[in-house]
**Student:** 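Dropping the structure in here first, questions after.
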Amino acid sequence: MKLLEKLNAQQRQAVTADPGPVLVLAGPGSGKTRVLTHRIAYLVSHVGVPSNQIMAVTFTNKAAREMGNRVARLLDETADKQTAARSSVSLGTFHSLCARMLRREAERLPFTREYVIYDDTDQESLIRASFKELNIDPKQVSTRKIHGGISRAKNELIELKDFSAENYNAEITRRVYERYQEKLRINNALDFDDLLLFAVRLLQENDDLRLQYQQRYRHILVDEFQDTNTAQYVLLRNLAGLQPDLFVVGDPDQSIYRWRGADYRNVHRFRQDYPDAQLILLEQNYRSTQTILDAAMAVIDRNPNRQPKRLFTERGEGVKITLHEAYDENDEAGYIVNTIANLTLMEKIDPGDCAVMYRTNAQSRALEEAFLKAGLAYRIVGAQRFYGRREIKDVIAYLRLIHNPHDQVALLRVINTPPRSIGAKTIEALLDTAERLQLTPYETLSSLVTNPDGDAGSLITGRTNRALSDFGRQLQGWLAQREELSIDALIDRIMQDIDYRNYIDDGTEEGLERWGNVLELRAAAQEFAQMGLTTFLEHVALVSDQDTLTESLNAPTLLTLHAAKGLEFPIVFIIGLDNGVLPHQRSFNDAEAMAEERRLFYVGITRAQDRLFLLRAFRRRQAGVSTLSDASPFLDDLPPDQIEGIHPNRYAWDQVSFQRQTRWRESAVPETQAHFQAGMRVAHPQFGEGTVLSTQVEFGDEEVTIIFDDGETKHLVASLANLEILTE
DNA sequence: ATCACAATACTTTTT
DNA sequence: GTATTGTGAT
């Protein structure tokens, strides 16, 4: 069979396993996702399963998309030309599949099919509002903790009625949970956890539906199974039915989402719940060199309570791992830019083959600056989330308000953006009035428009009354048009009416960029013109920026260790190997959290195919203040003979050695000669012509300072900037 | 009462 | 470096 040709015996065994519960446990780089996609193709083309009976679940939309592409390619290769068949595999994240199911079955649920999904900013504002109503001071009790407590409860399928409060903290959580849930209901909104919770309840409480879904999806496949939480696991069990073909693939050592409820013990549960499940292990690694695997094993072997794994490869030893201690985070970033520059020049490595990984998004800043300064392109995953930007949230809030005028969170966001003289006091008056008249805030606004002297009008008077009714009138105007206008036309209309461009575009570069973001959102809305506002808003809530990597650009990728899961790169840099960053400070007092930090490092190491660079900084700015940092304890666990560079822990308290460290850095990088000198006329493809002010050979590369003819002064790395010498 | 700007406090990871 | 709060001017 052509489909199975390129697979090894273990992989083939997994792909062709008889239908039934199958648990594939495998290390990184062993072809887990490959096995999953081959299994789908195998079911369709060899077993003859209609593809619409197959459901495959992953954790990001990007992974789902990629899975779809791979399956399509495999079916093409196996000469199975059922184009229709391949497109009907249900592929998606747990959340998107649940969102669809809830939409379909909304009549049975306590919300309408037009429900919206609240992201965490929206959720946070509901928590804040609940705090206010309960007279809880957010300074005394952290909203995030309570929010986290509610989320954890929901992930464990603990609804309000089952929530027992055995201590003070839990009692507060219970009270806020109650208010919060009520607010979601009033707003016809769900949070991420509700999507799972309601889907599980729906299947549990409706025998007919459960059977219907079980018959519809006879074959269920799950990737990254170790990252499922209780709700997701129970959902799977309900979907799977009595004779399940449930094929799950995972690696407990790569479980990195415990903090959002994921429980790798689901792997044990699976074995208990399905005692006849076939267990298949994939041991061979196809990704990394043995050096990298040895380092990865040395790190992960320190974790207690795990099944030891031997990772082996036929790729050979490979190059040693490079360890580098930089002076601070800027130096760290500079080292990376220069190293990548050197690799691309000297070893003809593609910039796109490099990835830089870090523990926290904030660490990307120094990197971005360094890349920008060098004039080198980069791709960044997540970080400043597109849909999290202020201007995007504003526009979406307007759309959401028009979609559902009773959406209070959206209303409060836009009611005074841009400022229209509706301040805190006025809003308070509106909400008070609404509560007294038993109306939603929108209804109160409407009554002010139609009858300014009516019940509401008597409570809200004068300037306040006029400001509110003006806005109410505007809102009604949009609502009247929502049926006839497409989403992008609606955006145009709103933007024009509120003069939004003038509000965000202050003439600065950022202002222009913000307006550009609005236009980008408008372009996205155009694509959804046929599908309607509900679908568009769902897309906006569930498609994260982790999914929007520009594939076309051949440039290094910057991403968090979490976002790196499931990816691979020939060359990987992991930065911030400092105690407090990786492992993160907040994990110090929790052994399980520390184990997870270690797994995170393990995930990072095992992303590398050929070369691994580990970096840390002697001094690091955090929260504005610069502090000295110790090396990460994880570095102690690396096998010394596979490391090149100096072990940072030996120098953490030794100032003299720091200079030696610096010397090592200089000698490790090939000498570069200066090609430029002060006074030279040069031309840059972007910045135009200019005069060289000074030049300096640094880190094996030449850094040139140029004053361009438009008056701008720039520091550029000569090898990257593509400078042309005009005159000597 | 609202707005603009300044001072202040806080910063894990994400569907 | 950013979200929230505080202050003075309008």
Side-chain angles (χ1 to χ4, degrees), chain A residues 57-64 92-99 117-121 123-125 128 138-139 142-144 148 151 154-155 190-197 224 227-229 231-232 255-262 329 357-366 368-369 381-385 387-390 393 416-429 461-464 467 506 510 538 540-547 559-565 576 580-588 590 593 596-597 599-601 603-604 621-625:
Chain A
V57 196
T58 63
F59 277 84
T60 64
N61 286 292
K62 185 182 173 237
T93 63
F94 278 100
H95 289 89
S96 66
L97 292 166
C98 288
I117 300 162
Y118 275 6
D119 72 10
D120 40 45
T121 329
Q123 293 167 31
E124 194 71 17
S125 76
R128 286 219 130 79
K139 276 176 194 139
S142 129
T143 54
R144 287 193 40 192
S151 177
K154 288 184 174 185
N155 284 161
L190 301 182
D191 64 19
F192 291 123
D193 307 316
D194 282 341
L195 292 173
L196 303 170
L197 185 68
E224 309 284 7
D227 286 327
T228 50
N229 62 32
Q232 287 158 339
S255 158
I256 52 174
Y257 285 105
R258 191 184 77 110
W259 49 274
R260 76 174 193 209
E329 70 274 3
M357 300 171 189
Y358 35 81
R359 175 68 234 265
T360 65
N361 280 308
Q363 290 171 265
S364 72
R365 189 167 310 282
E368 290 192 69
E369 277 169 18
V381 182
Q384 175 56 288
R385 332 175 109 228
Y387 289 108
R389 284 165 207 255
R390 201 186 74 204
K393 292 222 70 178
N416 202 30
T417 14
R420 42 175 84 89
S421 298
I422 303 177
K425 288 281 175 211
T426 310
I427 290 171
E428 210 174 297
T461 51
R463 265 207 336 248
T464 316
D506 51 4
E510 295 119 68
E538 178 185 305
V540 163
L542 289 180
V543 173
S544 70
D545 305 277
Q546 303 293 324
D547 305 325
L559 72 179
T560 62
L561 288 162
H562 283 90
K565 193 189 65 173
V581 179
L582 182 64
H584 196 273
Q585 201 167 331
R586 291 180 87 115
S587 302
F588 282 172
D590 178 351
E596 183 149 315
E597 298 285 326
R599 290 194 291 269
L600 202 48
F601 185 35
V603 167
R621 269 175 85 86
Q622 276 174 313
V625 271

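Every heavy atom of this structure was used, including side-chain atoms; hydrogens, water molecules and symmetry mates were not. Just so you know, these numbers come straight off a predicted model, no measurement behind them. We name chains A, B, ... by the order of the sequence lines, and we start the count at 1 in each one.
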**Student:** His562(A) side chain to Ile256(A) main-chain N or O, any donor-acceptor pair under 3.5 Å?
**Tutor:**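 A pair under 3.5 Å: yes.
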
**Student:** Roughly, in whole Å, what's the span from NZ in Lys565(A) to P in dT13(B)?
**Tutor:** 16 Å

**Student:** Any idea which of dT11(B), dG1(C), dT15(B) is nearest the Arg586(A) side chain?
**Tutor:**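 Out of dT11(B), dG1(C), dT15(B), the nucleotide with an atom closest to Arg586(A)'s side chain is dT11(B).
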
**Student:** Just to be sure I understand the rule, does Phe94(A) reach a base, reach only the sugar-phosphate, or reach nothing, if contact means heavy atoms closer than 4.0 Å?
**Tutor:**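 The answer is nothing, as Phe94(A) stays clear of every strand by at least 4.0 Å.
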
**Student:** Expressed in angstrom and rounded to an integer, what is the separation of Arg621(A) atom CZ from dG1(C) atom C1'?
**Tutor:**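 Answer to the nearest Å: 9 Å.
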
**Student:** Look at the side chain of Thr560(A) and decide which nucleotide, out of dG1(C), dT15(B), dT13(B), has an atom nearest to it.
**Tutor:**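 Nearest nucleotide to the side chain: dT13(B).
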
**Student:** May I have the distance from Glu224(A) (atom CD) to dT13(B) (atom P), rounded to whole angstrom?
**Tutor:** 19 Å

**Student:** Atom CD of Gln363(A) and atom P of dT11(B): how far apart are they, to the nearest Å?
**Tutor:**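 Roughly 16 Å, once rounded to whole Å.
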
**Student:** How close or far is atom C1' of dT14(B) from atom CG of Leu542(A), stated in whole angstroms?
**Tutor:** 12 Å

**Student:** Kindly indicate whether a cation-pi arrangement holds for Lys565(A) with Tyr257(A), taking the cut-offs as under 6.0 Å to the six-membered ring centre and within 45° of the axis.
**Tutor:**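 So Lys565(A) doesn't make the cation-pi contact.
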
**Student:** How close do Ala64(A) and Gly92(A) get, heavy atom to heavy atom, and via which atoms?
**Tutor:**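 Of all heavy-atom pairs spanning Ala64(A) and Gly92(A), the closest is CB-CA, 3.8 Å.
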
**Student:** How about Glu124(A) and Thr121(A): does a side-chain donor come under 3.5 Å of a side-chain acceptor?
**Tutor:** no

**Student:** Starting at CD1 of Ile117(A) and ending at C1' of dT15(B), how long is that distance when rounded to a whole Å?
**Tutor:** 10 Å

**Student:** Within the distance-only criterion (no hydrogens, no angle test), does the side chain of Glu329(A) pair as donor or acceptor with the backbone N or O of Arg621(A) below 3.5 angstrom?
**Tutor:** yes

**Student:** Counting side-chain heavy atoms from CB outward, which of dT15(B), dG1(C), dT14(B) is closest to Tyr257(A)?
**Tutor:** dT14(B)

**Student:** Write out a two-atom table: protein N or O, nucleotide N or O from nucleotides 2-6 of chain B, distance below 3.5 Å.
**Tutor:**
unit_1, atom_1, unit_2, atom_2, d
dT2(B), OP1, Gly423(A), N, 3.0
dT2(B), OP1, Thr426(A), OG1, 2.1
dT2(B), OP2, Lys425(A), N, 3.4
dC3(B), OP1, Ser421(A), N, 2.7
dC3(B), OP2, Asn416(A), ND2, 3.0

**Student:** Mind checking Glu369(A) for me? I need base, sugar-phosphate or nothing, with any heavy atom below 4.0 Å counting as a touch.
**Tutor:**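 Since only primed, P, OP1 and OP2 atoms lie under 4.0 Å of Glu369(A), the category is sugar-phosphate.
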
**Student:** side-chain contact (heavy atoms from CB on, under 4.5 Å) with Val57(A): which residues, sequence neighbours excluded?
**Tutor:** Met55(A), Phe94(A), Leu97(A)

**Student:** Could you give the CG-to-P distance, from Asp191(A) to dT14(B), as a whole number of Å?
**Tutor:** 18 Å

**Student:** Both Phe59(A) and His584(A) contact DNA chain B. Taking the nearest nucleotide for each, which residue is further toward the 5' end?
**Tutor:**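 Comparing both residues, the 5'-ward one is His584(A).
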
**Student:** Any idea which heavy atoms bring Asp227(A) and Phe59(A) closest together, and the distance?
**Tutor:**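 Looking at all heavy atoms of both residues, the closest pair is O-CZ, 3.2 Å.
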
**Student:** Can you see if the side chain of Asn155(A) gets near the phosphate of dT15(B) - specifically, an N or O under 4.0 Å from OP1 or OP2?
**Tutor:** no

**Student:** Roughly, in whole Å, what's the span from NZ in Lys139(A) to P in dT4(C)?
**Tutor:** 13 Å

